[in-house]
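Sequence lines set the chain letters: A, B, ... in the order given, protein chains first and strands last, and positions in each chain run from 1.
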2 protein chains.
Amino acid sequence: MTLYIDKINNYIKCLDNETLNALQNISSTKQYKKGELLLRQDEVCTKSYLLQNGIARKYYLNGAKEITTELYFENDLAVSFDSYSLQQPSREFIEALTDVTVSITHYQAFQDAKAKYTKLLTLDLMFAEYYGIWVENRLFQFHTLTATERYLEILNKSPHIIQSIPLTIIASYLGISLETLSRIRAKI
Amino acid sequence: MTLYIDKINNYIKCLDNETLNALQNISSTKQYKKGELLLRQDEVCTKSYLLQNGIARKYYLNGAKEITTELYFENDLAVSFDSYSLQQPSREFIEALTDVTVSITHYQAFQDAKAKYTKLLTLDLMFAEYYGIWVENRLFQFHTLTATERYLEILNKSPHIIQSIPLTIIASYLGISLETLSRIRAKI
DNA sequence: AACGAAATTTGACTTAGGTCAAATAATGAG
DNA sequence: CTCATTATTTGACCTAAGTCAAATTTCGTT
């Protein structure tokens, strides 16, 4: 999967200046403080957020419980996928877990740019494919791995997550209770 | 979500003849008998299959157990998404559950056509977005609904599934054991 | 109509992980 | 450095769903 990210970044790197400028022209930088929300439930996700630094997450509420659906680090693109794609209200929040700097691009501006610069359309397709594969894989792991195995998977493949994020959020990302996560960690 | 399918079908309907012809020229019809595999595990998914009639499913093996990941009816597009997108070996099988007729388009031919006809690129993006949203929603349901609620969801929104598909497969699609499904049905 | 295979149901028991409550750490503001 | 708050751990108990095994029911084929 990281391969696909590399492929995307490589594609961006190789964009001609005209396309690159077009992209630049519709993007702007903004900062958020730790705890601030970049997107709220029920809002339409009209922007995409490219993390330049810091950590963020996407989550939704199941009753009173938060379920974290994605964690974002430097160079990750944060959007509520369905809300952004369909321009309909989001069930998810996007929250800064640390102070973050993001590059913001408006949905409509990007739509217009895609119509003019085919390479941006291709880029959008690459993002959509990447995300689809990523979610598919996440679902696959929920079906085939136990809680312990999922934790170990993160520990091995994404140790930065364990280091930088509170256990409550990691537990909600793994789809288990905080207590269960604590017990898993005690065993290992 | 059906809205998105409508949007896609509408987009196809409104394609100019040139684009439509290009698509036609790289597609061909084929029949499979009930039980035949359109795609096997470890094969690269080099074709997309548009169901013209019949029923099919996509599944993978978790040990000895089959887990059904998607059910296809008329007008659905069947591919192993990650295998197709990355042109890498598939972990999934695609199987005809009844005799089926499909319209087959080769990956490479479609790639070439997308380069020439931007509208096909847009169409591909629409499919990718649709699939991403669909999987995201499936994951959401696994996290927020009980087995019974998931069964009721299908019963309400996709009764044709319950009618036309053996319970073993429905259970594996719901991510529960056959016995549990049987007990859920007994209660209702 | 009658048999054998496959599909479905029922029963008894197990288990991964959840919940609730209480006890310890750990951390950050003054 | 200290207190208060927040994060994490531990304990006791519960529950949804799984597993294994044994009935039944259904259905395609003679």
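Computed from coordinates, the A:His143 NE2 to C:dA16 P distance equals 19 Å when rounded to whole Å. If you take CD1 of A:Ile162 and C1' of D:dA7, they are 15 Å apart, rounded to a whole angstrom. The nearest whole Å value for the distance from the CD1 atom in B:Ile165 to the C1' atom in C:dA7 is 15 Å. The nearest whole Å value for the distance from the CD1 atom in A:Ile170 to the P atom in D:dT9 is 11 Å. Here C:dT15 presents its P atom at 18 Å from CD1 of A:Ile184, a figure rounded to the nearest Å. Between the NZ atom of B:Lys187 and the C1' atom of C:dT9 there is a distance of 15 Å, given to the nearest Å. If you take CD1 of A:Ile67 and C1' of C:dG17, they are 14 Å apart, rounded to a whole angstrom. Residue B:Arg185 contributes atom CZ, which lies 15 Å from atom C1' of C:dT10 at whole-angstrom precision.
Both A:Leu50 and A:Trp134 belong to a single network of hydrophobic side chains, linked directly or stepwise wherever heavy atoms of I, L, V, M, F, W or Y lie under 4.5 Å apart.
Note: A:Ser177 OG to A:Arg183 CZ = 7.5 Å, rounded to the nearest 0.5 Å. For the atom pair CG of B:Asn75 and CG of B:Asn9, the computed distance is 6.0 Å after rounding to the nearest 0.5 Å. One finds the CD1 atom of A:Ile170 at 7.0 Å from the CD1 atom of A:Ile154 (value rounded to the nearest 0.5 Å). Of the inter-residue distances, the one linking A:Thr118 atom OG1 with B:Lys114 atom NZ reads 12.5 Å to the nearest 0.5 angstrom.
For the residue pair B:Phe110 and B:Leu120, the shortest heavy atom distance occurs at CZ-O, 3.9 Å. When every heavy atom of B:Ala56 is checked against every heavy atom of B:Leu51, the shortest pair comes out as N-CD2, 3.9 Å.
Considering only heavy atoms from C-beta on, B:Phe142 comes within 4.5 Å of B:Arg150 through its side chain.
Bending across the helix from C:dA1-D:dT30 to C:dG30-D:dC1, expressed as the angle between its end axes from five pairs apiece, amounts to 50° (10° rounding).
Taking the six-membered ring where the residue is Trp, A:Tyr59 and A:Phe93 present parallel rings, their angle staying beneath 30° rather than reaching 60°.
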Taking only N/O atoms, report every protein-nucleotides 25-30 of chain C pair under 3.5 Å with atom names and distance.
none

Please write out each protein N/O paired with an N/O of nucleotides 18-25 of chain D under 3.5 Å, distance rounded to 0.1 Å.
unit_1	atom_1	unit_2	atom_2	d
D:dG18	OP1	B:Ser177	N	3.4
D:dG18	OP2	B:Ser177	N	3.1
D:dG18	OP2	B:Ser177	OG	3.2
D:dG18	OP2	B:Thr180	OG1	2.6
D:dT19	O4	B:Arg183	NH1	3.4
D:dC20	N4	B:Glu179	OE2	3.2

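The stretch residues 144-153 of chain B comes close to DNA chain D through B:Thr146, B:Ala147, each having a heavy atom under 4.0 Å from the strand.
One finds a salt bridge joining A:Glu43 and A:Arg40 here, because a Lys/Arg side-chain nitrogen approaches an Asp/Glu carboxylate oxygen to under 4.0 Å.
Annotation: cation-pi geometry satisfied between A:Arg138 and A:Tyr173 (NZ/CZ under 6.0 angstrom from ring centroid, within 45° of ring axis).
The salt bridge (charged side-chain N to carboxylate O under 4.0 Å, His left out) analysis of residues 66-78 of chain A, with sequence neighbours excluded, yields the pairs A:Arg57-A:Glu66, A:Lys58-A:Glu70.
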Donor-acceptor pairs under 3.5 Å, side chain of residues 10-23 of chain B to any protein atom, not counting sequence neighbours: which ones?
unit_1	atom_1	unit_2	atom_2	d
B:Asp16	OD1	B:Thr19	OG1	2.8
B:Asp16	OD1	B:Lys119	NZ	3.1
B:Asp16	OD2	B:Glu18	N	3.4
B:Asp16	OD2	B:Thr19	N	3.1
B:Asp16	OD2	B:Thr19	OG1	3.0
B:Asn21	ND2	B:Asn17	O	3.4

